There are 2 protein chains.
Amino acid sequence: MKLLKEKIQSEGKVLSDQVLKVDSFLNHQIDPQLMVEIGKEFANRFEAEQITKVLTIESSGIAPGLMAALELNVPVVFARKRRSLTLIDDLLTAEVHSFTKNETNQISVSRKYLRETDRVLIIDDFLANGQAALALAEIVKEAGATVSGIGIVIEKSFQPGGDLLREKGFKVESLARIASLAGGVSFVEEL
Amino acid sequence: MKLLKEKIQSEGKVLSDQVLKVDSFLNHQIDPQLMVEIGKEFANRFEAEQITKVLTIESSGIAPGLMAALELNVPVVFARKRRSLTLIDDLLTAEVHSFTKNETNQISVSRKYLRETDRVLIIDDFLANGQAALALAEIVKEAGATVSGIGIVIEKSFQPGGDLLREKGFKVESLARIASLAGGVSFVEEL
Ligand SMILES: Nc1nc2c(ncn2[C@@H]2O[C@H](COP(=O)(O)OP(=O)(O)O)[C@@H](OP(=O)(O)OP(=O)(O)O)[C@H]2O)c(=O)[nH]1
Ligand SMILES: Nc1nc2c(ncn2[C@@H]2O[C@H](COP(=O)(O)OP(=O)(O)O)[C@@H](OP(=O)(O)OP(=O)(O)O)[C@H]2O)c(=O)[nH]1
């Protein structure tokens with residue numbers, strides 16, 4: 001997605017060979033117009049999938065997930081990383097492993113919001129090790145629903161998440177794919 | 001806001017005299033079209049304020065904050081309750097006191113995203129004790145910026161937050177004001 005790549009080049013900050021900071025438009029400050037375009041791009045890439053629901057995870061997944069859902073005219077659900085005041089029902093849960101922190105955390109979605117008939121588009125901001133996306137897919141499966149696809153804003157293709165998800169047969173669409181952060185941002189060659 | 005009140009009546013669940021559950025359209029599953037209307041309503045109520053930025057707090061503030069920002073054509077920033085991978089800069093912080101948990105937590109916003117010239121619209125999903133809104137206002141003040149207003153989706157008017165903020169002179173606009181949850185949802189009489 002050209003506009004996104006331009007934003008990354010002009011506003012992104014490479015913090016290390018492993019980490020790209022995009023706090024000015026995605027992870028802390030959010031550019032609403034860019035989110036509209038991101039939502040439209042996701043909707044275009046998955047328009048043949050008859051999506052009935054978008055599933056994402058707090059917090060940075062909410063903005064892109066909401067805009068994709070708006071464009072697809074379906075509800076969006078965000079998985080919780082921590083119990084909230086009203087997250088008390090029939091919970092579907094899955095573990096997310098963090099390689100950097102070497103710890104595992106549980107995420108939850110209320111069963112009420114995923115039916116067996118749902119065709120779910122999973123959305124997240126970054127794809128690195130793929131653990132969050134895998135956990136969301138596990139929750140969809142636990143609900144008896146279908147993962148119709150996985151939409152990622154920024155994929156770090158030099159990390160294993162992308163291969164991991166594609167090898168499992170998921171349709172993964174990333175709006176920007178970063179081949180390397182060493183010496184600056186270089187994108188994967190797109191045909 | 002009529003549409004919101006109807007959603008609350010048809011889908012809201014009164015959990016106790018103190019707590020209203022709206023997980024089906026605001027706090028866990030989100031209704032994107034409702035969020036569009038909420039964004040438009042906030043923009044209408046604050047159109048005279050020359051807003052330059054929307055400030056909210058993760059997680060439930062993001063959707064309404066984003067839609068208000070989209071309608072006002074300004075960026076939205078969400079305060080973090082916990083450190084994130086890239087939230088490392090020059091941080092503005094404030095304490096949020098929780099009455100139910102009897103504890104205080106720190107929230108953070110990077111100084112980069114609030115300039116002295118900013119006219120800030122604070123947005124949040126619920127207004128109960130007002131501590132989160134106060135903390136966001138404190139952060140705006142610390143940045144040397146102006147709080148142009150506070151937009152709330154659901155105010156529980158039987159709790160002190162609304163009075164607290166209005167007594168301090170803030171322009172508070174709540175899209176639904178709940179007078180009581182005892183025996184069901186009753187709204188404040190709107191003229
Ligand atoms: N900005 C940025 N973030 C990255 C990058 N790589 C991974 N992340 C984010 O870091 C968090 C993952 O960290 P860990 O759970 O510790 O996982 P990991 O070490 O196995 O990658 C996720 O944030 P999250 O759960 O999405 O947090 P939130 O922003 O939603 O609160 C993920 O999106 C990167 O290059 N740049
Ligand atoms: N659904 C619902 N939520 C309520 C109600 N009253 C307060 N809350 C939410 O509960 C959380 C506040 O809890 P505490 O920090 O413990 O504060 P308090 O006891 O002083 O009210 C906030 O969630 P938050 O920080 O906004 O969490 P998040 O949803 O953004 O993750 C607030 O929005 C209510 O009647 N219904």
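Values in this document were obtained by computation on a predicted structure and should not be read as measured data. Values reported hereafter were calculated over all heavy atoms of this structure, with side chains retained and with hydrogens, waters and symmetry mates removed. A note on names: the letters A, B, ... follow the listed sequences, proteins ahead of strands, and every chain is numbered from 1.
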Original post:
Side chain, backbone, both or neither: which part of A:Val76 has a heavy atom under 4.5 Å from chain B?
Top reply: both
**OP:** Taking all non-hydrogen atoms of both residues into account, name the closest pair between B:Pro75 and A:Pro32 and its distance.
**Re:** CA-CD, 4.0 Å
**OP:** Select, from B:Asp31, B:Leu20, B:Leu55, B:Val109, the one with the greatest count of heavy-atom pairs under 4.5 Å involving chain A.
**Re:** B:Val109
Original post:
Under a 4.5 Å heavy-atom cut-off, does chain B meet the side chain of A:Ser84, its backbone, both or neither?
Top reply: neither
Subject >> Residue of the set B:Val54, B:Leu70, B:Ile62 for which side-chain contact (heavy atoms from CB on, under 4.5 Å) holds with A:Ile30 >> reply: B:Ile62
Original post:
Among B:Thr100, B:Leu66, B:Val74, which has the most heavy-atom pairs under 4.5 Å with chain A?
Top reply: B:Leu66
**OP:** Give a yes or no on whether B:Ile154 and B:Val19 share a hydrophobic cluster (residues Ile, Leu, Val, Met, Phe, Trp, Tyr; joining criterion: side-chain heavy atoms under 4.5 Å apart).
**Re:** no
Subject >> Leading residue by heavy atom contact count with chain B [cutoff under 4.5 Å; candidates A:Ala79, A:Ser24, A:Gly65] >> reply: A:Ser24
**OP:** Give the cluster check for A:Leu3 versus A:Ile123: same hydrophobic cluster or not, with ILVMFWY residues linked at side-chain heavy-atom distances below 4.5 Å.
**Re:** yes
Original post:
Does a side chain donor of either B:Gln29 or A:Lys112 reach within less than 3.5 Å of an acceptor in the other side chain?
Top reply: no
Subject >> Joint hydrophobic cluster, A:Phe187 plus A:Phe25, side-chain heavy atoms closer than 4.5 Å >> reply: yes
Original post:
Can you say whether B:Ser108 sits under 4.5 Å from chain A via the side chain, the backbone, both, or neither, judging by heavy atoms?
Top reply: backbone
**OP:** Kindly check if the number of other-residue, nucleotide or ligand heavy atoms within 6.0 Å of CD (B:Glu116) is above 12?
**Re:** no
Original post:
Can you tell me how far CD of A:Glu58 sits from OG of B:Ser60, rounded to the nearest 0.5 angstrom?
Top reply: 8.0 Å
**OP:** Give a yes or no on whether B:Phe78 and A:Phe126 share a hydrophobic cluster (residues Ile, Leu, Val, Met, Phe, Trp, Tyr; joining criterion: side-chain heavy atoms under 4.5 Å apart).
**Re:** yes
Original post:
So, B:Tyr113 side chain and A:His28 main chain: donor-acceptor pair closer than 3.5 Å or not?
Top reply: no
Original post:
In Å and rounded to the nearest 0.5 Å, what is the CG to CG distance from A:Asn27 to B:Leu85?
Top reply: 8.5 Å
Original post:
Is it the case that more than 12 heavy atoms not belonging to B:Lys81 sit under 6.0 Å from its NZ atom?
Top reply: yes
Original post:
Would you find more than 12 non-hydrogen atoms of other residues, nucleotides or ligands less than 6.0 Å from A:Gln50 atom CD?
Top reply: no
Original post:
Is the number of heavy atoms from other residues, nucleotides or ligands under 6.0 Å of B:Asp90 CG greater than 12?
Top reply: yes
Original post:
How far apart are the closest heavy atoms of B:Asp23 and A:Thr86, and which atoms are they?
Top reply: OD1-OG1, 2.7 Å
Original post:
A:Arg82 versus B:Arg82: any side-chain heavy-atom pair under 4.5 Å?
Top reply: yes
Original post:
Should we count CD of A:Glu189 as having more than 12 external heavy atoms under 6.0 Å?
Top reply: no
